[in-house]
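Remarks on the structure that follows.
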Amino acid sequence: AQNLPVYQMLVLLGDQVISYFFNLFLLTQRFYVADFRWEEERYTDGSKWRFLEHKGPVFAPPYEPVPSNVKFYYDGKHMRLSPQAEEVATFFAKMLDHDYTTKDIFRKNFFKDWRKEMTSEEKATITDLKKCNFAEMNEYFKAQSEARKAMSKEEKLKIKEENERILQEYGFCIMDNHKERIANFRIEPPGLFRGRGDHPKMGMLKRRIRPEDIIINCSKDSKHPKPPPGTKWKEVRHDNKVTWLVSWTENIQGSIKYIMLNPSSRIKGEKDWQKYETARRLKSCVDRLRAQYRDDWKSKEMRIRQRAVALYFIDKLALRAGNEKEEGETADTVGCCSLRVEHIKLYPEKDGQEYVVEFDFLGKDSIRYYNKVPVEKRVYKNLQLFMENKEPDDDLFDRLNTSILNKHLQELMDGLTAKVFRTYNASITLQQQLKELTSPDENIPAKILSYNRANRAVAILCNHQRAPPKTFEKSMQNLQTKIDAKKDQLSDARRELKSAKADAKVRRDEKSKKAVETKKKAVQRIEEQLMKLEVQATDREENKQIALGTSKLNYLDPRISVAWCKKWGIPIEKIYNKTQREKFAWAIDMADEDFEF
DNA sequence: ACTAAGACTTAGTAGGTCCTCG
DNA sequence: CGAGGACCTACTAAGTCTTAGT
């Protein structure tokens with residue numbers, strides 16, 4: 001406590017009045033404080049803050065019934081729905097164009113939950129979803145969204161200003177000495193649950209959250225948020241061992257949802273920094289760990305062999321840990337520890353390589369992981385052993401789960417868990433790829449292409465995929481047209497330059513000499529533009545099905561990128577947009593050009 | 001030791017926004 | 001200055017890991 005900055009001393013003294021005014025004072029000095037916030041002391045007792053004040057959540061707007069001329073038909077006959085039933089019907093009507101509404105499970109779940117909202121008369125009449133006609137509702141909402149797009153500038157501005165006002169009022173909190181941005185201060189509106197992949201609960205009604213469902217977390221001495229008039233919070237608590245401001249229990253999985261701070265906040269930034277520091281500690285002992293698990297492949301104990309092979313996959317392939325999941329509650333997806341026999345195939349020899357393992361399974365978000373990898377003979381033999389006498393749907397690693405694995409990892413290095421390997425391998429790959437791909441004499445666009453390629457290598461490693469953009473083919477074509485046009489322009493410019501040169505040779509005067517110079521410059525400029533376009537095309541093509549954002553935001557130590565930018569004189573804005581710069585402010589502040597991950 | 005709950009990180013997508021180019 | 005598309009952000013689902021409870 002002796003070394004705390006003055007303003008935290010005030011807090012320690014328990015003089016909340018003073019610290020409160022100090023908070024206010026600091027708000028006005030924010031730019032100054034922000035520069036030094038990474039150097040503030042952290043709490044050592046597990047508490048996350050001393051002072052927390054906020055205005056509570058923003059609730060979803062109440063339901064607005066559709067106009068009476070927008071009709072719902074059952075079995076061809078117009079039917080007026082009660083407001084409760086109508087609201088749920090509109091959720092379905094809004095999704096009519098979506099694939100979801102054609103899926104059996106979605107329809108079944110929706111219909112079951114919808115019926116719960118109906119009056120007994122409605123329930124008696126509406127017994128078959130196929131006989132429901134939501135078309136007018138659907139058109140109504142489409143028209144609404146068209147109308148919104150067609151609004152005048154003034155109207156749009158008005159909405160924008162209103163949003164800004166709400167943001168200013170509810171979008172910030174005071175945590176200790178800083179005004180911080182809140183990530184998600186709006187409560188999730190009611191609607192139909194859209195799970196990803198083959199989710200058994202898709203289509204279920206996600207119910208409206210009321211103040212009575214809300215738990216508020218703030219400090220005792222703060223101004224507590226007020227529930228809307230005539231309502232009560234479920235609870236107001238003062239738990240400074242957690243970082244969330246608001247929580248409620250969601251009705252689909254029964255899990256808790258939270259309102260927390262923006263990634264730019266001190267509390268998230270510090271945690272992020274810590275994460276990369278842990279990954280860097282792994283760097284310094286990874287050789288030892290690798291030697292260890294290779295050794296464990298030979299263990300006489302099956303559980304140790306399984307642990308060692310699983311760890312090898314996590315390290316080599318950047319697989320996720322793979323917690324068990326409750327069957328039937330979520331989509332059937334797996335990670336490393338939960339791999340089943342049916343998810344891998346062994347080939348003693350394939351495509352000229354020995355001991356090949358073929359992985360084919362659905363991972364997080366039901367994204368397919370498909371990969372063929374040659375492995376060490378010992379790993380191969382072990383896998384054969386693990387698969388002996390098992391059915392396809394049996395666990396590959398039957399003596400292993402994430403808790404066992406993580407306990408082991410914890411013993412090898414303080415703070416080590418399975419996911420640290422993903423962070424470590426992602427970051428080290430970026431660093432090494434940047435080293436390999438950046439050529440000093442290339443121009444800035446080419447260097448950025450190299451950066452994107454390094455980023456891409458990581459995204460591929462982590463299997464971060466995206467659906468190819470709907471407009472991909474077209475935008476690619478457009479770009480090609482531009483390139484062709486630019487090429488024509490270039491040959492024209494070259495021709496002009498040539499004739500200007502010839503002209504200058506004959507005339508030998510200042511004016512024609514100048515003309516040559518101008519033409520030369522023009523050619524150069526067009527060449528550069530062409531190159532930029534071509535680089536852009538390559539970049540885009542290579543990026544078709546790969547999402548770079550996830551790794552950039554979650555796996556790559558930002559200091560690597562910052563250092564790279566400084567080293568090659570690339571403006572940081574070329575790599576990180578505004579949000580990203582805010583999130584990584586700590587790294588931009590901290591890293592110099594010779595930072596080594 | 002095991003399980004469930006809780007807290008927090010990681011993930012893809014929808015849809016809005018803003019920029020570019022003709 | 002309007003269309004088209006790239007980019008960005010909000011949203012919220014789906015993971016991981018820790019903690020609490022038995």
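Here the structure is a predicted model, which means the values were calculated and not measured. Labels below follow one simple rule: chain letters A, B, ... track the order of the sequence lines, proteins then strands, and each chain is numbered from 1.
- Of the listed nucleotides (dT9(C), dG15(C), dT12(C)), dG15(C) has the atom at the smallest distance from the side chain of Thr333(A).
- Residues Asp332(A) and Arg340(A) are in side-chain contact: their nearest non-hydrogen atoms beyond the backbone lie under 4.5 Å apart.
- Distances shown here put every side-chain N or O of Lys364(A) at or beyond 4.0 Å from the OP1 or OP2 atom of dA13(C).
- Here Lys201(A) lies out of heavy-atom contact (under 4.0 Å) with every strand.
- Looking at heavy-atom distances under 4.0 Å, Pro263(A) makes no contact with the nucleic acid at all.
- When the nucleotides dA7(B), dC17(C), dC8(B) are ranked by their closest atom to the side chain of Ile256(A), dA7(B) comes out on top.
- Contact annotation: Arg186(A) does not reach the phosphate of dT9(C) (side-chain N/O to OP1 or OP2, under 4.0 Å).
- Contact between the side-chain N/O atoms of Asn323(A) and the OP1/OP2 oxygens of dT16(C) is found at a separation under 4.0 Å.
- When distances run from any side-chain atom of Lys268(A) to the nucleotides dT12(C), dT9(B), dG15(C), the shortest one goes to dT9(B).
- Listed nucleotides: dC8(C), dT12(C), dA11(B). Nearest to the side chain of Asn577(A): dC8(C).
- Using a 4.0 Å heavy-atom distance criterion, Gly335(A) is classed as making no nucleic acid contact.
- Residue contacts for Phe193(A): at a heavy-atom cut-off of 4.0 Å it reaches the sugar-phosphate backbone alone, with no base atom in range.
- Closest to the side chain of Lys419(A), out of dT16(C), dA11(B), dA14(B), is dT16(C).
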